[in-house]
Amino acid sequence: MLIEQIAGKEVVRKTFNDDKELTAKQVFKVGELQTTGNQLSVQLQVSLFDEDGELEDKYLTKYTCEPGKSDVLLAVFPFARQGNAEYVIEASSPGFKRLYDFDAGDKTLPDLSLEMSIESGVLSFFGSKSVVAISDRIVSTSSSGFTLTSRLTIKAYMWGLNVKTITYQVREKLDKNRRLISQVFREEEGSYFLMNY
């Protein structure tokens with residue numbers, strides 16, 4: 001999800017195991033997009049629930065980035081920490097401004113990649129970096145909007161070493177104005193999470 005797309009919204013993320021049983025739920029209440037000098041920021045209130053819907057934790061996070069880098073995918077970050085904190089995110093993503101920029105007649109879209117690092121807090125000390133690649137991008141058109149399918153690979157690095165790689169098959173629904181309606185991220189073994197906007 002792009003920072004401009006979620007500003008001022010409530011986003012619900014539900015996680016399911018391969019038996020389609022709910023294992024967790026997160027609710028993100030996102031503040032309005034704020035501009036201060038040459039930086040953009042949003043405040044997120046994150047609520048974490050267990051499989052029975054019981055509140056486990058609640059915290060605030062603030063994300064800041066430069067306007068030219070405002071297309072940061074925020075989904076990567078809220079799950080890496082607990083407690084209140086502020087992050088400055090550095091991103092190198094020249095192609096990501098075209099994530100949802102396509103013509104109605106397009107059937108395939110170019111691959112995209114993004115490199116992000118956290119420039120504040122303890123993760124900065126450890127040299128935390130993520131490389132996100134979106135490939136095999138196919139778009140289909142319907143009377144209600146668009147469906148995008150793709151392969152998303154996230155590689156997390158610490159001290160220059162790849163500590164984790166996650167790959168998802170992604171299905172995104174957008175309305176006719178290319179605003180996100182929902183996303184499903186499915187891992188190879190069958191577990192998945194779904195985001196509704």
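Small disclaimer: the values here were computed from a predicted structure and weren't measured.
- Using a 4.5 Å cut-off between side-chain heavy atoms of Ile, Leu, Val, Met, Phe, Trp and Tyr, with links allowed through other members, Leu174 and Val184 fall into different hydrophobic clusters.
- Scanning both residues, Leu55 and Ser47, for their nearest heavy atoms gives CD1-CB, 4.0 Å.
- Taking Ile, Leu, Val, Met, Phe, Trp and Tyr as hydrophobic and joining them when side-chain heavy atoms fall under 4.5 Å apart, one finds Ile181 isolated, its cluster having no other members.
- You'll find the side chain of Leu44 stays beyond 4.5 Å of the side chain of Lys29, heavy atoms only.
- In this view, Phe16 and Tyr192 satisfy the ring-ring contact (aromatic ring centres under 6.0 Å, His included) rule, not counting sequence neighbours.
- Considering all non-hydrogen atoms of both residues, Arg137 and Ser150 come closest at CG-CB, 3.8 Å.
- By the side chain to side chain donor-acceptor pair (under 3.5 Å) test, Thr165 is found to be paired with Asn162, residues two or more places apart in sequence or in another chain being considered.
- In terms of modelled atom types and a separation under 3.5 Å, the side chain of Thr141 and the main chain of Ala104 share a donor-acceptor contact.
- With contacts defined as side-chain heavy-atom distances shorter than 4.5 Å, the pair Lys25/Val12 qualifies.
- Interatomic distance, Ser182 OG to Met195 CE, rounded to the nearest 0.5 Å: 10.5 Å.
- Remark: Asp18 engages no residue in a side chain to side chain contact (heavy atoms under 4.5 Å, CB included) (not counting sequence neighbours).
- Residues Thr167 and Glu188 are not in side-chain contact: their nearest non-hydrogen atoms beyond the backbone lie 4.5 Å or more apart.
- Linking ILVMFWY residues whenever their side-chain heavy atoms come closer than 4.5 Å, directly or via other members, leaves Ile134 and Ile138 in distinct clusters.
- The 12-atom threshold is exceeded at CD of Glu189, counting heavy atoms of other residues, nucleotides or ligands nearer than 6.0 Å.
- Considering only residues two or more places apart in sequence or on other chains, Thr23 meets the side chain to side chain contact (heavy atoms under 4.5 Å, CB included) condition with Thr15, Asn17.
- Two residues are said to be in side-chain contact when any heavy atoms from C-beta on lie closer than 4.5 Å; Leu48 and Lys58 fail this criterion.
- In this structure, Glu187 and Tyr168 have side chains that are in contact, with non-hydrogen atoms separated by less than 4.5 Å.
- Note on Val27: it does not cluster hydrophobically with Val30, by side-chain heavy-atom contacts below 4.5 Å among ILVMFWY residues.
- Atom CZ of Arg13 is separated from atom CD of Gln183 by 10.5 Å, given to the nearest 0.5 angstrom.
- Taking CD of Gln43 as the reference point, atom CD of Gln34 lies at 9.5 Å (rounded to 0.5 Å).
- Leu22 and Phe185 fall into different hydrophobic clusters, where Ile, Leu, Val, Met, Phe, Trp and Tyr are joined by side-chain heavy atoms under 4.5 Å apart, directly or via other members.
- Of all non-hydrogen atoms in Ala7 and Val42, the two that sit nearest each other are CB-CG1, 4.3 Å.
- Within the 3.5 Å criterion, the main-chain N or O of Glu54 finds no donor-acceptor partner in the side chain of Asp52.
- Residues Tyr100 and Glu172 have side chains that bring a donor and an acceptor to within less than 3.5 angstrom of each other.
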side-chain contact (heavy atoms from CB on, under 4.5 Å) evaluation trace for Arg171 with Thr147: CA-CA 7 Å; Arg171 184 178 191 85; Thr147 300; 3.8 Å; yes
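- Judged by distance alone, with hydrogens and angles left aside, the side-chain atoms of Asp50 form a donor-acceptor pair with the main-chain N or O of Gly53 at under 3.5 Å.
- No chain of hydrophobic side-chain contacts below 4.5 Å, direct or via other Ile, Leu, Val, Met, Phe, Trp or Tyr residues, connects Leu194 to Phe49.
- Listed by chain and residue number, Arg179 satisfy the salt bridge (charged side-chain N to carboxylate O under 4.0 Å, His left out) test with Asp175 (two or more places apart in sequence, or in another chain).
- Considering only heavy atoms from C-beta on, Lys164 stays 4.5 Å or farther from Lys155 through its side chain.
- Looking only at side-chain heavy atoms (C-beta outward), Val132 and Leu152 come within less than 4.5 Å of each other.
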So Arg178 and Asp101, side-chain contact (heavy atoms from CB on, under 4.5 Å) or not? Walk me through it. CA-CA 8 Å; Arg178 293 175 177 80; Asp101 184 20; 5.9 Å; no
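- Interatomic distance, CG of Leu180 versus CG of Asn196, reported as 10.5 Å (0.5 Å rounding).
- The closest side-chain heavy-atom distance from Leu109 to Leu148 is below 4.5 Å.
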